[in-house]
Amino acid sequence: MEWNLFAIAALLLLSGFYFLTTELEAAPEREAIHHPLRAPRDVLEQAWHSEPVLLFMRQVLAMRRRRQQAWL
């Protein structure tokens, strides 16, 4: 392992942490406004709230199938 690369990575990491801490200290404090969530309107929205990644992958695969049929 190259020690130069390790030193550069460590310096970048430390400078990133320093930048984050200075920005957090300079940021004004404010209260977050919490809005109550609405109930899901349909089955698709309910599925999106429960498992978004699974639903997204299903939509991608469905679009692939539709495009594949269009090419045939």
Can you give the donor-acceptor pairs under 3.5 Å from side chains of residues 16-25 to other protein atoms, not counting sequence neighbours?
| unit_1 | atom_1 | unit_2 | atom_2 | d |
| --- | --- | --- | --- | --- |
| Thr21 | OG1 | Phe17 | O | 3.2 |
| Thr21 | OG1 | Tyr18 | O | 2.8 |
| Thr22 | OG1 | Tyr18 | O | 3.1 |
| Thr22 | OG1 | Phe19 | O | 2.8 |

Item to complete: Kindly determine whether His49 and Leu55 satisfy side-chain contact (heavy atoms from CB on, under 4.5 Å), including the steps that lead there.
Response: CA-CA 10 Å; His49 285 295; Leu55 184 66; over 6 Å; no
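More than 12 non-hydrogen atoms from other residues, nucleotides or ligands lie less than 6.0 angstrom from CD of Glu45. No more than 12 heavy atoms of other residues, nucleotides or ligands sit less than 6.0 Å from atom CD of Glu51.
The CE atom of Met57 lies 11.0 Å from the CD atom of Gln59; values are rounded to the nearest 0.5 Å.
By the 4.5 Å heavy-atom criterion applied to side chains, Ile8 and Glu2 are not counted as neighbours.
Both Trp48 and Val60 are assigned to one and the same hydrophobic cluster, defined by single-linkage of ILVMFWY side chains at heavy-atom distances under 4.5 Å.
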